[in-house]
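Structure record follows, encoded as structure tokens.
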Amino acid sequence: MSSYDAIYSLVTDIPMGKVATYGQIAQLIGQPRHARQVGYALAATPDDLEIPWHRVVNASGEVSRRSEPGGDELQRSLLEGEGVVFDERDRVCLSRFQWQRWSEDA
DNA sequence: TTTATGGCTGTCA
DNA sequence: ATGACAGCCATAA
């Protein structure tokens with residue numbers, strides 16, 4: 001058992017073509033100040049588990065830098081593969097792709 | 001127990 | 001808009 005479970009569950013619930021921010025996840029699990037920990041939880045996410053960690057981006061809608069090289073590219077590729085579009089600045093239109101826990105996609 | 005390290009965020013210049 | 005700083009806090013050493 002670990003606090004990461006809530007994070008994993010939530011992230012797993014993110015539908016395809018949608019994204020969420022670290023702060024958003026943290027808030028949804030009742031830990032509005034744990035945005036960073038969310039990042040760690042995802043960073044610690046084993047590849048075995050099917051967790052859409054790539055659907056989690058920072059508050060700016062950009063893919064955060066991780067320890068592993070090329071990971072940001074992978075994340076972006078996966079998102080684009082799900083229909084998420086990046087603008088010229090390499091960021092997602094949160095106002096349009098951000099997942100809303102209590103609302104379905106339009 | 002104390003330090004160091006982050007896939008962050010919000011505020012200020 | 002971008003860049004620098006300071007809080008936040010769980011994990012690892």
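If you're wondering where the values come from, they're calculated on a predicted model, not measured in any experiment. A, B, ... follow the sequence lines: proteins, then strands. Residue 1 opens every chain.
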Query raised in the report: When the distance from CG of A/D90 to P of C/dT2 is rounded to whole Å, what number comes out?
Result: 11 Å

**Report entry** side-chain hydrogen bond (donor to acceptor under 3.5 Å, both in side chains) partner of A/H34, the single match among A/R36, A/Q37, A/Q31
**Finding:** A/Q31

Query - Distance, rounded to the nearest Å, where A/Q31 contributes CD and B/dC8 contributes P - result: 18 Å

Query raised in the report: B/dC8 phosphate, OP1 or OP2: any side-chain N/O from A/T21 under 4.0 angstrom?
Result: no

**Report entry** Nearest-angstrom distance from the residue atom CD of A/Q37 to P of B/dA4
**Finding:** 18 Å

Query raised in the report: Does C/dC8 have a Watson-Crick or wobble mate here (both distances under 3.5 Å), and if so which one?
Result: none

Query raised in the report: Closer than 4.0 Å, any side-chain N/O of A/H34 to the OP1 or OP2 of C/dC9?
Result: no

Query raised in the report: Expressed in angstrom and rounded to an integer, what is the separation of A/R33 atom CZ from C/dT11 atom C1'?
Result: 21 Å

Query raised in the report: How is A/V56 classified with respect to the nucleic acid when contacts are heavy atoms under 4.0 Å: base, sugar-phosphate, or nothing?
Result: base

Report task. Indicate, with a heavy-atom threshold strictly under 4.0 Å, whether A/A43 touches base, sugar-phosphate, or nothing. Result -> base

Query raised in the report: Looking only at heavy atoms, which two atoms of A/Q75 and A/V57 are closest? And how far apart?
Result: NE2-CG1, 3.8 Å

Query raised in the report: Where the side chain of A/R66 is concerned, which of C/dT2, B/dT9, B/dG7 is the nearest nucleotide?
Result: B/dG7

Query raised in the report: What's the CG-C1' distance between A/L78 and B/dG7, to the nearest Å?
Result: 14 Å

Query raised in the report: Rounded to the nearest Å, what distance is computed from the CD atom of residue A/Q27 to the C1' atom of nucleotide B/dG10?
Result: 14 Å

Requested in this report: Mind calculating the distance between CD (A/Q24) and C1' (B/dT9) to the nearest angstrom?
Outcome: 14 Å

Report task. Return the value, rounded to whole Å, for the distance between atom CG of A/D72 and atom P of B/dG7. Result -> 13 Å

Report task. Decide yes or no for A/F86 and A/C93: does some side-chain heavy atom of the first lie under 4.5 Å from some side-chain heavy atom of the second? Result -> no

Query - Heavy-atom side-chain proximity of A/V85 to A/F97 below 4.5 angstrom - result: yes

Report task. Would you indicate what A/R55 reaches in the nucleic acid, counting non-hydrogen atoms under 4.0 angstrom: base, sugar-phosphate, or nothing? Result -> nothing

Report task. Determine, stepwise, if the pair A/E82 / A/K18 fulfils salt bridge (Lys or Arg N to Asp or Glu O under 4.0 Å). Result -> CA-CA 8 Å; A/E82 296 184 353; A/K18 286 289 182 179; over 6 Å; no

Query raised in the report: Does a side-chain N or O from A/S60 land closer than 4.0 Å to OP1 or OP2 of B/dT9, or not?
Result: no

Requested in this report: Answer yes or no: side-chain N or O of A/R36 and base N or O of C/dC9 forming a donor-acceptor pair under 3.5 Å.
Outcome: no

